[in-house]
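First the structure, in the form of C-alpha cells, and then the observations on it.
Atoms within a ligand are numbered from 1 in the order they appear, just like the ligands themselves. All figures in this text were calculated on a predicted structure; none of them were measured in a lab. Index from 1, following the sequence.
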Amino acid sequence: MSSPSQLYPKKVDLTNCDKEPIHILGKIQAHGVLMVCDSAKAVTQHSDNIDMIFGESHKDILGRSIWELFKADAMEKIELSIAKGKAKSVEVKVNDKEWLLIGHENKGHYLLEFEPLDEAASALDQQQNLSTVVSELSEAEDGYAMCRATARLIKDFMGYDRVMVYRFDADWNGTVVAEEREDHLESWLGLHYPSTDIPQQARKLFLSQGERIIVDVNAMPVPILPQLSPIDNAPLDLSNSELRAASPIHIEYLKNMGVGGTLTAAIVTNGTLWGLIACHHYSPKFLNYHKRLYVKFLSQVFAAQLVLRQSNTTLQKINKSSDVRSKLIEQVSHNWDLHGGLMDDEVTILDVCDASGAALILENKISLIGKTPSREEIQSLIAHVRNNIEGDVFHTSEIARKLPEASSYKEMASGVMAIFMGIDKKRGDALIWFKPEVLQTVTWAGNPDKPIEDNGERLSPRKSFEKWSVEQAGKSMPWEDHEVAAAAALKKSISDIIIEKYEEVRELNNKLKNAYAELETFSYSISHDLRAPLRGIDGFAQIIKEDYFESLDTYGKNAIETIIKS
Ligand code: BLA
C-alpha cells in the first residue's frame, strides 16, 4: 500500500496544495464497505474490506454478477438504491447483518456503499427538533444569535464535543462566529483560520456534497481494488461518495488539533459557501446517514433564514437610502448644480452610506466633504479606480494593498468606494466615498503565515494552534451590500441627470446653430436686397455729377459728393 509520502510529492506547498485530487485518492473510510459494478451489474472494484459483508465466503468477487452475491430480497433493494430518481438509501440484510446501503451512479459506475445500520431518529423526534429549530431561529435577535442557536441545537441533537459556526471572508479566510462546547474544552470562538486550511478543491467538493463525516481520524483508510477502474481505466471518482477517505494532509491537520472524528456541513447562501458548521469529537464518532442528512437539512434551514434576515435588513437600508437619493436629486434639480446639490445642502452624499469623507469630481472641479485625501491624491486614486473598476461600483476596504501610495492616507481612507457618472468615463466624472482605517487585533489559530511545516521528509500542516495575535492595519470596515447597491443606484440617477442636462445643452446648441444659420441667411439677403437700390442711387448720382454738375449751386454740388462718398 502506498504511504502518504508516496502519495504526496515532497514539494507540497501553498501553490500546489489546492491541486491535490482529493476526489480520486482511491480509499474509503474503514467503517464502511464499497462495491462498484458496471451497467451489467458485474463487480468492477471493491474496498479491501469486503469480508466485512461476506465473511470469508466471497473473497474473489471481481467480475462476478451481484445477482450471485446477494439474495433476491436484498437485490430488489439494491436495484432500488441505484435506480435513477428513487430512494438512495435502503436497509439490507446480508449474512444476518443489517446494513444501510447508499447507492449512486457516476459515469457508468454504480457505487454501493454499505454503512453499519444504526438506530435512526423517529420521524416525530425529527419533526419536533425541526420545529424547535425554526422557532429559535426566527426568535433570534440578529445573525450572531442565529449562529449561536444553530450551534447549540446541533450539539444537543447530535452530541459532538464541539460545534462551531465558521464564516468565510472574501479571501476565504474564516472565523469561528459561534461555538458550543463541552465545558472542559478551551474556547475557539473568534479565532481566525487562513484560507489554506480548506483549499479551493475541498471547498468545491464540499459545496456540491453539502455534508461530510470523518468517523475516525486515526483509522487506516481502506484501499479500493483494483486502483484503476476496468470500465474507463481511470481512478474511481468518489466525488459523491459518503465513504470517501479524507486527504492525509487534512487528517494530519485534525490529528494536530487532537480531534478524533468530525462532521462538517456547508452553509450555502445564494449559491456560494457562506461558511460551515464544523462539529468535532475528541474520540471516533459515527452518525448514521439519516442523521447526517438531518444536519445538512438544518444547515440549509439556517442558511435560508440567514438569507431572509439579511435581505430584510438590506431592504430596509435600501429603502432608507432611496429616500436620501430622492432628496439629493431634488436638491440637484433645483438649479442644476451637482456640486452644490450633492455636497453642500441639507442632505449630502455622506448620507448615502456609512462613510467619513467623500469627493465629487465633475467638469474638472473637485469638491470635498468630511475627511478625505488631498485633491492631488484623489486625482491619482481616480486613475487607479478607472483601470480597476469592474461593473458599476468599485469598492475595497484595503486600498493600499493594490495602490501602495494610498498607505500615506490610510488613517482617513483605507476603504474606498467609487462610481463614474455621465457619458464619458474617460473624462473621470466620479463620486468617491472613504472609510477610515480600523485598527484591529486579529487572533489566528496558529501562525497564519506558516500553515505548513517542513519536517525534513515532507511538508505537513502546522502543528501548533497556539493563539497568534496580529495587529491588522490599513483596513476599514467592509462596504456592506446595501451601501454598494445605494452607490449603484445613485450612479444611475446622477447619470440620468447629467445625460438629461447634456441633452438640454445639446438642444440649446442646436437651437443656437439654427439661429446662427438664420442670421447668416438674413444678413446675406439683406446685403443682397440693399445692394441693388444702392447701386441705382450711386449710378444716378454719378450721372448728375458728370452731366449736370456745373448747373448746381454749391449746396447741390456738396450734396452729390456726399451721396457718392456714402
Ligand atoms: C479540508 N479543512 C478541510 C475541511 C475543513 C477544514 C472544515 C473540510 C472537512 C471535510 O471535508 O471533512 C478546516 N476545520 C477546518 C478549520 C476548522 C475546522 C479551519 O474545524 C476550524 C475550526 N489543510 C491545511 C493545509 C492544507 C490542507 C496547509 O491545513 C493543504 C496544504 C488541506 N483541508 C485540506 C484538504 C482538505 C481539507 C486537502 C480536503 C479533505 C478531504 O476532503 O479529503
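Phe297 has its ring centre no less than 6.0 Å from the ring centre of Phe302.
Contacts with ligand 1 closer than 4.0 Å are made by side-chain heavy atoms of Ile214 only, the backbone lying farther away. Within the 4.0 Å heavy-atom criterion, the part of Leu276 lying near ligand 1 is the side chain and not the backbone. Heavy atoms of Pro199 found under 4.0 angstrom from ligand 1 belong exclusively to the side chain. Using a 4.0 Å cut-off between heavy atoms, Asp197 contacts ligand 1 through both its backbone and its side chain. Residue Ser247 touches ligand 1 through backbone and side chain together, judged by heavy-atom distances below 4.0 Å.
Classification of the Phe465-Tyr193 ring pair by plane angle, with boundaries at 30° and 60°, yields tilted.
Which parts of ligand 1 touch Thr264 is read off a 4.0 Å heavy-atom cut-off, strictly below it: atoms 7 (C), 9 (C), 12 (O). Residue contact check: Tyr166 has heavy atoms under 4.0 Å from atoms 19 (C), 21 (C) of ligand 1. Applying the 4.0 Å criterion to heavy atoms of Ala278 picks out, from ligand 1, the atoms 20 (O). Of all atoms in ligand 1, listed by their number and element, those nearer than 4.0 Å to a heavy atom of His280 are 18 (C), 20 (O).
By the ring-ring contact (aromatic ring centres under 6.0 Å, His included) test, His31 pairs with Phe286, sequence neighbours left out.
Which of Ala202, Ala265, Ala246 comes nearest to atom 36 (C) of ligand 1 through a heavy atom is settled by distance: it is Ala202.
In this structure, Gln472 contributes its side chain and Val442 its backbone to no donor-acceptor pair below 3.5 Å.
Heavy atoms only, all atoms of each residue included: Ala303 and Val268 are closest at CB-O, 3.3 Å.
Within the structure, the side-chain hydrogen bond (donor to acceptor under 3.5 Å, both in side chains) test picks out the following pairs touching residues 132-150 (sequence neighbours left out): Glu136-Arg152.
Ionic pairing of Lys107 and Asp237 is present here: one or more N-O contacts between side-chain nitrogen and carboxylate oxygen are shorter than 4.0 angstrom.
Here's the thing with Gln201: none of its N/O atoms is less than 3.5 angstrom from an N/O atom of ligand 1.
With no hydrogens or angles considered, a side-chain donor-acceptor pair links Glu471 and Thr441 at under 3.5 Å.
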